[in-house]
Protein chains: 2
Amino acid sequence: MEDKVMNIGVVRDLTGLSERQIRYYEERKLIFPERTKGGVRKYSFEDVKRIQEIHQKLQDGFRTLELRKKPHTGQRMRLSGNGS
Amino acid sequence: MEDKVMNIGVVRDLTGLSERQIRYYEERKLIFPERTKGGVRKYSFEDVKRIQEIHQKLQDGFRTLELRKKPHTGQRMRLSGNGS
DNA sequence: CGTGTAAGGAATTCTGACACG
DNA sequence: CGTGTAAGGAATTCTGACACG
């Protein structure tokens, strides 16, 4: 439970991701930043780590929904093509 | 050397001090927050600690100039009246 | 699905100044 | 000296939407 102290701009710089991506992960219920009274998002360093993990998983071919509960039953290769 | 990630509003809430006080301590060269390209100050948790120390010292009767080099040669009581 | 972008508004922060003591 | 405040502008962030594939 670290302090939620960073604005999205800092998280953007720290992770190298876009604000769009960061907000989207929240929309998918993968991260839960706090808000100031005015509605500005505040993130913790834990959030930053989590965001990087999420991005990595997406790179590996997972979909955001699958990331809500850390999966451990099925690797899901995503080199080319899909499994459908 | 911690990351400078907090806006002054967070530091205000964390320390309970006013933005005016925080900016003033910088003006007196006691703390050195970074700046975004746009000019917005960014503080680290170390800065927060330092700010609290500075405020405590001021409560004890020190003046900002005296705090630049941590004093260790003269206690300076400040209960009532001054030493002049 | 995950991400980019332009749009307009709102929250936050900045500086310089005047005030007090 | 250390801090409060009103003033106006600028930087940052927010939401909802359209786009692509």
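Chain naming here is simple, since letters A, B, ... match the order of the sequence lines and numbering starts at 1 in each. Hydrogens, waters and symmetry mates are skipped; everything else that's a heavy atom, side chains included, is used.
When the side-chain nitrogen and oxygen atoms of Arg63(B) are compared with OP1 and OP2 of dG2(D), none of them lie within a distance under 4.0 Å. Proximity of Tyr24(B) to the phosphate of dG2(D): a side-chain N or O atom is located under 4.0 Å from OP1 or OP2. Of the side-chain N and O atoms in Tyr25(B), one or more sit less than 4.0 angstrom from OP1 or OP2 of dT3(D). Between Arg28(A) and dG2(C) there is a side-chain N or O to OP1 or OP2 distance below 4.0 Å. Residue Asn7(A) places no side-chain N or O under 4.0 Å from the OP1 or OP2 atom of dT12(D). Applying the 4.0 Å criterion to OP1 and OP2 of dT13(C), one finds that Arg41(B) has every side-chain N and O outside that range.
Toward the 5' end of DNA chain D, the nearer of the two residues Ile8(A) and Gly38(B), judged by each one's closest nucleotide, is Gly38(B). Position along DNA chain D of the nearest nucleotide to Gly39(B) versus Ser18(B) favours Ser18(B) as the more 5'-ward residue.
Contact check on Arg23(B) versus Glu26(B) returns no salt bridge, with no Lys/Arg side-chain nitrogen under 4.0 Å from an Asp/Glu carboxylate oxygen. With salt bridges taken as basic N to acidic carboxylate O contacts below 4.0 Å, none links Lys49(A) and Glu46(A). In this structure, Arg41(A) does not pair ionically with Glu27(A), as no charged nitrogen and carboxylate oxygen lie closer than 4.0 Å. Taking the charged nitrogens against the carboxylate oxygens, Lys42(B) and Glu34(B) have no contact shorter than 4.0 Å, which rules out a salt bridge.
Taking atom CZ on Arg23(A) and atom P on dC14(D), their separation rounds to 5 Å, with Å as the unit. As rounded to whole Å, 14 Å separates atom P of dT3(C) from atom CD of Glu26(A). As a whole-Å value, the separation of Glu27(B) CD from dG4(D) C1' is 14 Å.
Judged by distance alone, with hydrogens and angles left aside, the side-chain atoms of Lys57(B) form no donor-acceptor pair with the main-chain N or O of Arg63(B) at under 3.5 Å.
Considering only the side chain of Arg12(A), dT13(D) comes nearest among dT13(D), dG2(C), dG4(D). Looking at the side chain of Arg20(B), the nearest of the listed nucleotides dG4(D), dC18(D), dG2(C) is dG4(D). Taking the side chain of Val40(A) as heavy atoms from C-beta on, and the options dC14(D), dA17(C), dC14(C), the nearest nucleotide is dC14(D). Of the listed nucleotides (dG2(C), dC14(D), dT13(C)), dG2(C) has the atom at the smallest distance from the side chain of Leu58(A). Of the listed nucleotides (dT13(D), dC14(C), dG2(C)), dC14(C) has the atom at the smallest distance from the side chain of Arg35(B).
dA10(D): Watson-Crick or G-U partner is dT12(C), with both key distances under 3.5 Å. In this entry dT3(C) has dA19(D) as its Watson-Crick or G-U wobble partner, both defining distances falling under 3.5 Å.
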